[in-house]
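Every number for a ligand or one of its atoms is a count from 1 in the order of the listing. Counting begins at 1 with the first residue of the sequence.
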Amino acid sequence: MKLSINEATALEKSNLVKDLELCEKHGYDYIEIRTMDCLQDYLKDHTIEDLAKYFAEHHVKPLAFNTLCFFNNRTPEDYKKILDELRQMCEWGKAIGCKTVITVPTVDLKKVTYEEIHKSAVACLREMGDIATQYDMRVSVEFIGHPAATINTFGQAYAIIEEVNKPNVGITLDCFHFHGMGSSIEDLAKADGDKIFVVHLNDTEDFPIGSLLDEDRIWPGDGCIDLDEIFQTLKKIGFKQDVVSLELFRPEYYKMDPDEVYRIGKEKSLKVIARNF
Ligand code: ZN
């Protein structure tokens with residue numbers, strides 16, 4: 001099992017250049033690139049070709065782009081912007097060899113039924129999947145384990161991508177989000193492992209279901225999530241991606257030296273990985 005890190009983990013004191021160096025130093029195999037800030041900042045004084053060259057000459061490789069935000073139940077104007085953003089990410093992906101765009105559902109909608117959410121999400125993802133196909137890219141839906149998110153459990157997300165039924169549209173299973181709204185392990189056990197494109201590894205403090213926030217994330221293995229149960233189930237359903245990606249958003253860790261975050265993050269992640277894979 002290979003290890004990736006998401007740039008959100010050491011966000012405030014680092015940047016893409018530094019993150020890449022730290023991946024090399026600590027032996028991370030992959031990195032998830034943040035398109036909304038880290039990549040934009042990088043492109044102020046680099047080109048996408050510079051980044052492609054870096055990946056060609058180093059061990060670390062790009063795992064996915066984060067994040068194409070709020071794709072479903074949008075106005076036609078806003079949805080058009082999402083598609084433009086997707087095309088841009090696909091262009092970048094083609095240039096640097098990154099195969100996956102992670103997209104998250106819309107949050108804070110008032111009074112939209114499950115049916116309306118499902119219908120919109122399926123229609124959008126079919127179109128997004130078609131666009132991504134032109135670039136040989138994948139779209140991976142990350143459900144968000146919070147009541148304000150329109151798609152907030154594994155079961156709900158899986159029903160959507162099952163209906164979309166495209167080989168390049170799948171799910172990002174973030175362990176924190178899986179726990180966040182009490183997603184069912186039975187739903188995961190019934191799923192096709194090939195539909196899980198990305199796994200975000202993390203843990204959380206034991207706050208009640210439905211009240212968890214990203215800042216509650218802690219080092220994998222230090223919290224209350226049954227990571228072993230999730231990983232054992234992933235193995236049973238034939239998850240074959242051979243990589244998991246550490247993703248934390250903890251303000252305390254943002255204050256640390258990024259070098260320490262990368263070091264501890266790897267140590268904690270490998271412990272969880274070693275007992276499961
Ligand atoms: Zn995540």
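Taking both residues in full, the closest heavy atoms of F55 and V60 are given as CD2-O, 3.2 Å, listed atom of the first, atom of the second, then distance.
The Zn ion (ligand 1) has an N, O or S atom of H200 closer than 2.8 Å.
Heavy-atom contacts from other residues, nucleotides or ligands closer than 6.0 Å to CZ of F277 number more than 12.
In terms of distance to the Zn ion (ligand 1), the nearest N, O or S atom of E142 is named OE2. When the Zn ion (ligand 1) is compared with the N/O/S atoms of D174, atom OD2 turns out nearest. For E247, the N/O/S atom at the shortest distance from the Zn ion (ligand 1) is named OE1.
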side-chain contact (heavy atoms from CB on, under 4.5 Å), that's the test. Do E247 and V198 meet it? Break it down for me. CA-CA 11 Å; E247 185 194 45; V198 178; over 6 Å; no

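Remark: of the listed residues E12, E205, E215, E205 is the sole one forming a salt bridge (charged side-chain N to carboxylate O under 4.0 Å, His left out) with R250.
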